[in-house]
Amino acid sequence: MSTVTFEDIRTQAEARLEKNMKVKSMIIDRLGLEVEPAVVSDNQPLFGRGLEMDSLDTLEIVVMVNNEFDVLISDDDFEAFGSINALVDFIEDRETAA
């Protein structure tokens with residue numbers, strides 16, 4: 001049985017924060033938003049009062065995720081767009097399943 005150390009947990013948390021920041025930066029760049037990635041909460045909604053994405057923005061993000069992470073998002077995967085955390089969770093789930 002392997003023992004998970006504090007350092008393992010810390011490394012995983014840092015990797016997750018880096019991926020969240022990367023995804024935020026990519027979305028902001030791809031959509032031409034005038035906001036700094038650091039001020040976007042990882043739990044902020046992507047639609048509505050969040051980043052105010054629309055259906056065209058969704059298509060841009062689908063293409064971005066496919067190109068960058070080799071992960072496909074289908075029409076049935078709408079939950080992936082709940083927040084940055086939801087999107088990164090979705091990406092990580094598909095990466096580990098591959």
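Scope of the values below: all heavy atoms of this structure, side chains included, with no hydrogens, waters or symmetry mates.
By the 4.5 Å side-chain criterion applied to Ile, Leu, Val, Met, Phe, Trp and Tyr, L56 is assigned to no cluster and stands alone. I9 belongs to a hydrophobic cluster with V4, counting contacts under 4.5 Å between side-chain heavy atoms of Ile, Leu, Val, Met, Phe, Trp and Tyr, direct or through other members.
Residue pairs meeting the side-chain hydrogen bond (donor to acceptor under 3.5 Å, both in side chains) criterion with at least one partner in residues 72-82, sequence neighbours excluded, are S74-D77. The stretch residues 80-90 participates, sequence neighbours left out, in these side-chain hydrogen bond (donor to acceptor under 3.5 Å, both in side chains) pairs: R16-N85, R16-D89, N20-N85, N43-N85. Within the structure, side-chain hydrogen bond (donor to acceptor under 3.5 Å, both in side chains) contacts touching residues 27-41 (residues at least two apart or in different chains) are R30-E60.
Checked against salt bridge (charged side-chain N to carboxylate O under 4.0 Å, His left out), E18 has no partners two or more places apart in sequence or in another chain. Not a single side-chain hydrogen bond (donor to acceptor under 3.5 Å, both in side chains) links D57 to another residue, sequence neighbours left out. Taking E7 as the reference, nothing meets the side-chain hydrogen bond (donor to acceptor under 3.5 Å, both in side chains) condition, with sequence neighbours excluded. Not a single side-chain hydrogen bond (donor to acceptor under 3.5 Å, both in side chains) links S55 to another residue, sequence neighbours left out. Considering only residues two or more places apart in sequence or on other chains, T5 meets the side-chain hydrogen bond (donor to acceptor under 3.5 Å, both in side chains) condition with D8. Remark: E52 pairs with no residue by the salt bridge (charged side-chain N to carboxylate O under 4.0 Å, His left out) rule, at least two apart or across chains. Every residue two or more places apart in sequence or in another chain was checked for a salt bridge (charged side-chain N to carboxylate O under 4.0 Å, His left out) with D70, and none qualifies.
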*Could you go through the side-chain contact (heavy atoms from CB on, under 4.5 Å) check for T58 and D54 one step at a time?*
CA-CA 6 Å; T58 304; D54 60 23; over 6 Å; no
